[in-house]
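All figures in this text were calculated on a predicted structure; none of them were measured in a lab. Below, read A as the first sequence line, B as the second, and so on, with proteins coming before strands; counting in each chain starts at 1.
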There are 2 protein chains.
Amino acid sequence: MIGALALAFADILQRDAQAKAPEPGPAASAITLIGHVPGLSIERLRRALSLSHSGTVRLVDRLVADGLAARFSAPDDHRAVALRLTPLGETTCSAILSARQTGLASALAILTSEELQEFGNLAAKLLRGLVSTEDHAYRICRLCNYTACLDCPVEAELA
Amino acid sequence: MIGALALAFADILQRDAQAKAPEPGPAASAITLIGHVPGLSIERLRRALSLSHSGTVRLVDRLVADGLAARFSAPDDHRAVALRLTPLGETTCSAILSARQTGLASALAILTSEELQEFGNLAAKLLRGLVSTEDHAYRICRLCNYTACLDCPVEAELA
DNA sequence: ATTATTATATGCTTAGAGCATACAAAATCG
DNA sequence: CGATTTTGTATGCTCTAAGCATATAATAAT
């Protein structure tokens, strides 16, 4: 039953996010991740998306071709690519995050504020128990609105 | 944050389920759905999986080729296909459900029994608010272990 | 300095998804 | 009751996005 709820919520997030993305699949997550971590490398992006390396390179190729992201050379490591969103990419990122937020909020609207509070507390505890590595944190938070998520339990757990 | 938890849980479910399925993607859900609703038609399966019609037909083709499912003629509608699991399919279905259950349980193990109880209550309330149609119920419960889920809130909401 | 590892890129192949089309059974409507 | 529409499946075709194998450059390790 808890599993069913997780699938239902994940469906909502994916649907709303993908609707604003240039293509289905992990593109929406890639955009929001790059948006949150400017200078992100392809390898870290790959781990967050659980894709193959070539799949990630091609995904980035498409984002660049769509004018949403750009490759720069990472200052500290001349092998790595530093990914950044273009202004158009920033706009898309915001659209994804707000669509995601709207869908989630309407699903949660049935709870009273006390229940929502309690649900959030339990969710935070579960999240802290789940997160192990930094890569995993990026994966879990791949569609998060970081600016809206103060006191992120994932961040707290890693620190 | 609640969204992040949903994605994390959905990841666990998908990963554990797919590990026991013959292929990645919606195959695991298809198997458990047919297992729970013997005689399910391709069209209903299609709606539960949110696939195109041809995609669903090909998926069923593969399940049949793998010896996991079989097509029968639906007694009440001679156009429709009645899908059933083979004995091998039943075995696979059980493996998927128990893998799913194990992963979910270990993620929830951090909660006390009171917290788990409370979390379940809130999840049930949210689920009841989310489910609209029977197709949607099938979709949400696509990886559910129906025999383990007594007092299913989704079922209750539809009745 | 040599070797191993890490980060990226690309050629190649392929699995799985959608669209368009075709056909049969059922439902609807005149 | 016959004609039309809708519904459920099947299949040919195309294509996108994914993986594997391989290559190259930069860094790390020995």
The ring-ring contact (aromatic ring centres under 6.0 Å, His included) partners of Phe119(B) (sequence neighbours excluded) come to Phe119(A)
Looking at residues at least two apart in the chain, or sitting in another chain, which of them share a ring-ring contact (aromatic ring centres under 6.0 Å, His included) with His136(A)?
none
Please list, by residue number, the residues of residues 27-38 of chain A whose heavy atoms come closer than 4.0 Å to an atom of DNA chain C; answer none if no residue qualifies.
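Those residues whose heavy atoms fall under 4.0 Å from DNA chain C, taken from residues 27-38 of chain A, amount to none.
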Side-chain donor-acceptor pairs under 3.5 Å in residues 148-159 of chain B, sequence neighbours left out?
none

Show me the donor-acceptor pairs, under 3.5 Å and distance only, between side chains in residues 80-87 of chain A and residues at least two apart or in other chains.
residue, atom, partner, partner atom, Å
Thr86(A), OG1, Gly67(A), O, 2.5
Thr86(A), OG1, Leu68(A), O, 3.2
Thr86(A), OG1, Leu88(A), N, 3.4
Thr86(A), OG1, Gly89(A), N, 3.0

If you walk 5' to 3' along DNA chain C, what is the first nucleotide with an atom under 4.0 Å of a heavy atom in chain B, and what is the last?
dG16(C) to dA26(C)
Please write out the pairs of protein N or O atoms and N or O atoms of nucleotides 18-25 of chain D separated by less than 3.5 Å, giving the distance to one decimal.
residue, atom, partner, partner atom, Å
dG19(D), OP1, Ser52(A), N, 3.4
dG19(D), OP2, Ser52(A), N, 2.8
dG19(D), OP2, Ser52(A), OG, 2.3
dG19(D), N7, Ser54(A), OG, 3.2
dG19(D), O6, Arg58(A), NH1, 3.4
dC20(D), N4, Ser54(A), OG, 2.7

Could you tell me which residues satisfy side-chain hydrogen bond (donor to acceptor under 3.5 Å, both in side chains) with [X], sequence neighbours excluded, listed by chain and number?
X	result
Arg58(A)	none
Thr133(A)	none
Glu115(B)	Lys125(A), Thr112(B)

Mind grabbing the angle between the end helix axes of the helix from dA1(C)-dT30(D) to dG30(C)-dC1(D)? Five pairs an end, 10° rounding.
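What I find for the helix from dA1(C)-dT30(D) to dG30(C)-dC1(D) is an axis angle of 30°.
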Filter on ring pair (Phe, Tyr, Trp, His ring centres under 6.0 Å), then keep only pairs touching residues 61-90 of chain A, sequence neighbours left out; what's left?
none
